Amino acid sequence: MELSDLEKIRVEKLLKLRQQGIEPYPTRAHPTHTAAQAIQEFEAMKQNAQNGGDLLPVRATLAGRIRSIRTMGKITFAHIEDGSGRIQLFLRVNELGEAQLEFFNEYFDLGDFIEAEGVLFRTRTGEITLHVFAFRMLAKAISPLPAAKDEVVDGQVVRHAALTDPETRYRQRYADLAVNPEVRDVFRKRAAIVRAIREFLDARGFLEVETPILQPIYGGAAARPFITHHNQLKQDLYLRISFELYLKRLLVGGLERVYEIGRDFRNEGVSFKHNPEFTQLEYYWAYADYEKVMSLTEEMLAYICDTVLGTRVIQFDGHTIDLNPPWRRLSLRQGLIEAVGIDITEYPTTESLAAAMRARNLPVKPDAPRGKLIDGLLGDYLEPNLIQPTFLYDYPRDISPLAKNKPGDPSTVERFEGFIGGMELCNAFTELNDPLEQEKRFLEMGRAYEEEDEERHPMDEDYLRAMSYGMPPNGGFGMGIDRLVMLLTDRRTIREVILFPHLREREED
RNA sequence: GGGCGUGUAGCUCAAUGGUAGAGCAGUGGCCUUUUAAGCCAUUGGUUCAGGGUUCGAGCCCCUGCACGCUCACCA
């Protein structure tokens with residue numbers, strides 16, 4: 001470890017502490033309160049006194065990281081921070097003696113963890129503060145944290161010289177979290193969102209399960225997989241790209257409502273809304289269809305908003321978005337008529353659709369099948385404008401090999417995607433449960449992608465066997481948790497809601 | 001993968017091709033209810049890396065690396 005001058009000074013302090021028989025990394029800490037609890041208890045005591053009760057001193061031992069030090073001769077003020085927030089320390093020569101105060105000034109730096117025992121009081125400026133009688137080093141920090149000073153002006157937090165460089169923030173997330181409290185809030189909120197999803201589904205009889213991440217055959221989505229290898233079995237394995245095919249096997253087995261929250265891996269480009277590994281929710285619901293799933297989606301999002309945010313009206317990327325049910329429901333056909341003026345039912349073949357697109361000066365990707373063209377139109381001209389919650393429903397069959405046909409319309413399947421803030425958030429369908437039809441679809445997909453090879457759905461014979469035992473009709477649902485967290489925390493990139501987002505490996509320097 | 005941009009002190013940022021700077025942090029002082037404390041003094045640099053042009057490069061040119069934006073890709 002290469003040390004800077006600043007770090008060398010701190011290491012010297014550390015060594016001097018040890019020479020004096022003081023352990024700079026003691027094994028145990030004994031806080032009696034968090035910062036927030038201490039403040040709360042002090043205010044409660046004041047309240048009690050106002051109501052005629054006795055005014056007793058409130059003692060507390062606090063533990064936290066030193067965030068500021070202001071030395072003024074015979075007194076020193078400092079702020080410490082723990083998980084509950086910040087609180088001020090007041091160290092005075094009267095109580096501590098000159099030697100102890102000098103010891104603090106000499107050996108304690110910003111970023112160190114300290115334990116301080118004392119009595120709470122209110123300073124002249126009105127701040128509830130711990131008047132310290134004794135203190136102890138809990139952990140010496142050698143490296144200075146990236147400076148982040150903030151002040152509160154008229155209730156607004158004004159940040160000075162905060163750590164902002166995105167690369168440092170993501171590579172050293174620990175430092176980012178340590179100095180940027182709002183980053184911690186994002187991940188607390190993320191945890192609350194996931195918890196709310198579990199509560200919601202558990203309450204409705206869904207069973208949380210875990211299925212393989214290492215899979216001999218990948219499937220359930222159109223994406224390129226990561227490949228890995230099991231040495232002893234001498235077997236190539238894929239990191240899953242979705243949970244779908246395993247979860248639906250469970251419906252065959254009589255687990256009628258199942259869900260999984262976990263990581264998917266897709267070996268594709270990264271962008272503001274794509275990370276190579278991302279967290280997905282999928283559920284499958286026997287005897288339901290895509291309309292029931294749509295309604296449950298509205299309910300679930302409303303529940304998450306109520307639980308986590310306390311409001312169903314959110315701000316995202318400068319938009320005010322209303323998540324109250326019901327959401328707008330728009331058929332993909334109607335949506336495209338409005339967006340590009342093309343009624344896809346009038347162009348049932350790839351050739352005719354491509355011609356219609358060219359006639360409107362829309363770019364046509366060569367060799368794309370009809371479904372891909374439609375999907376492209378959707379992504380380019382429709383999705384960016386779907387700011388308010390919108391269900392787009394009824395998708396082309398040829399890009400939806402696991403979804404069930406719409407009765408009476410062989411080219412369309414019962415599938416919907418939910419969009420919010422111009423982003424696809426979820427994807428769901430009435431699941432195909434006809435094993436012979438499913439086999440046909442797999443074969444069709446195999447043909448369509450024969451040349452590209454990478455995105456095609458490999459035939460999963462075991463999945464077909466499962467289905468051939470009889471799979472109840474069901475509705476399935478998938479949602480990107482990361483994107484949901486983006487929406488609910490108003491973060492514009494997926495990297496802001498993933499603790500350790502994937503970054504290119506840095507050359508050793 | 002393409003285009004555009006960025007990379008300078010621990011952090012945030014300056015510097016016309018001509019001696020690399022400021023604020024904060026650090027270090028040494030003064031100061032007993034302060035709060036971005038203040039005041040005085042002071043340390044700190046492989047200017048992302050490697051080449052090139054030039055009397056002279058943080059700045060111009062080339063190559064590479066990383067990050068950001070964007071396009072492509074992507075359920």
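Here the structure is a predicted model, which is why all the values come from computation and not from measurement.
- Look at the C1' atom in both B/U6 and B/A14: the space between them is 16 Å, to the nearest Å.
- For the C1' atom pair drawn from B/C59 and B/U43, the interatomic distance equals 27 Å after rounding to whole Å.
- An OP1 or OP2 oxygen of B/G38 is reached within less than 4.0 angstrom by no side-chain nitrogen or oxygen of A/R70.
- Of the candidate nucleotides B/C73, B/U33, B/A75, B/A75 has the atom nearest to the side chain of A/R266.
- In this structure, B/U12 forms a base pair with B/A22, meeting either the Watson-Crick or the G-U wobble geometry with both donor-acceptor distances under 3.5 Å.
- Under the Watson-Crick and G-U wobble criteria, each requiring two contacts below 3.5 Å, nucleotide B/C30 is paired to B/G38.
- With sequence neighbours left out, the ring-ring contact (aromatic ring centres under 6.0 Å, His included) criterion links A/Y238 to A/Y218.
- Summarising the geometry, atom CG belonging to A/L382 is positioned 11.5 Å from atom CD1 belonging to A/I337; distances are rounded to the nearest 0.5 Å.
- A gap of 13 Å separates the C1' atoms of B/C60 and B/U16, to the nearest Å.
- In this structure, the nucleotide among B/C67, B/A75, B/U34 sitting nearest to the side chain of A/R495 is B/C67.
- Distance from the side chain of A/V93 is smallest to B/U32 among B/A75, B/U34, B/U32.
- Residues that satisfy the ring-ring contact (aromatic ring centres under 6.0 Å, His included) test with A/F121, not counting sequence neighbours, are A/F90, A/H131.
- For B/G44, there is no paired nucleotide, since no Watson-Crick or G-U wobble pair has both relevant distances below 3.5 Å.
- With rounding to whole Å, A/I399 atom CD1 is found 12 Å from B/C74 atom P.
- A/F121 comes within contact range of at least one nucleobase, with a heavy-atom separation under 4.0 Å.
- Put simply, the side chain of A/N427 and the base of B/A75 share a donor and an acceptor less than 3.5 Å apart.
- Judged by distance alone, with hydrogens and angles left aside, A/E127 brings no side-chain donor or acceptor close enough to the base of B/U33 to form a pair under 3.5 Å.
- Rounded to whole Å, the P atom of B/G17 lies 15 Å from the corresponding atom of B/G7.
- Straight-line distance from the CD atom of A/E277 to the C1' atom of B/C74: 17 Å, rounded to whole Å.
- One finds a salt bridge joining A/E437 and A/K440 here, because a Lys/Arg side-chain nitrogen approaches an Asp/Glu carboxylate oxygen to under 4.0 Å.
- On the C1' atoms, B/G26 is 35 Å away from B/G64, given to the nearest whole Å.
- Considering only residues two or more places apart in sequence or on other chains, A/E106 meets the salt bridge (Lys or Arg N to Asp or Glu O under 4.0 Å) condition with none of them.
- The 5' end of RNA chain B is approached more closely, in terms of each residue's nearest nucleotide, by A/F272 than by the other of A/F272 and A/E424.
- A/D394 pairs by the salt bridge (Lys or Arg N to Asp or Glu O under 4.0 Å) definition with A/K406, not counting sequence neighbours.
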* **Residue pair A/Y395, A/E417: steps toward the side-chain hydrogen bond (donor to acceptor under 3.5 Å, both in side chains) verdict** => CA-CA 9 Å; A/Y395 276 63; A/E417 291 184 310; 2.7 Å; yes
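- Separating the C1' atom of B/C13 from that of B/G52 is a span of 30 Å, rounded to the nearest Å.
- Ranked by how close their nearest RNA chain B nucleotide is to the 5' end, A/T493 and A/T129 are led by A/T129.
- For A/A221, taking side-chain heavy atoms from C-beta onward, the closest of the listed nucleotides B/U33, B/U34, B/A75 is B/A75.
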* **Annotated protein contacts, base or backbone, on nucleotides 26-31 of chain B with a non-hydrogen cut-off under 4.0 Å, one of B, S, - each** => SS---B
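- Checked against salt bridge (Lys or Arg N to Asp or Glu O under 4.0 Å), A/R65 has no partners two or more places apart in sequence or in another chain.
- Searching all strands for a Watson-Crick or G-U wobble partner of B/A57 with both distances below 3.5 Å returns nothing.
- Here B/C74 is the nucleotide among B/A75, B/C74, B/U33 with the atom lying nearest to any side-chain atom of A/E268.
- Of all nucleotides present, only B/G5 satisfies the Watson-Crick or G-U wobble test against B/C67, with each distance under 3.5 Å.
- The partner of B/A72 cannot be assigned: no Watson-Crick or G-U wobble pair with both contacts below 3.5 Å exists in any strand.
- Between B/U33 and B/A25, the two C1' atoms lie 25 Å apart (nearest whole Å).
- A side-chain contact (heavy atoms from CB on, under 4.5 Å) with A/H274 is found for exactly one of A/E268, A/R266, A/H502, A/R483, namely A/R483.
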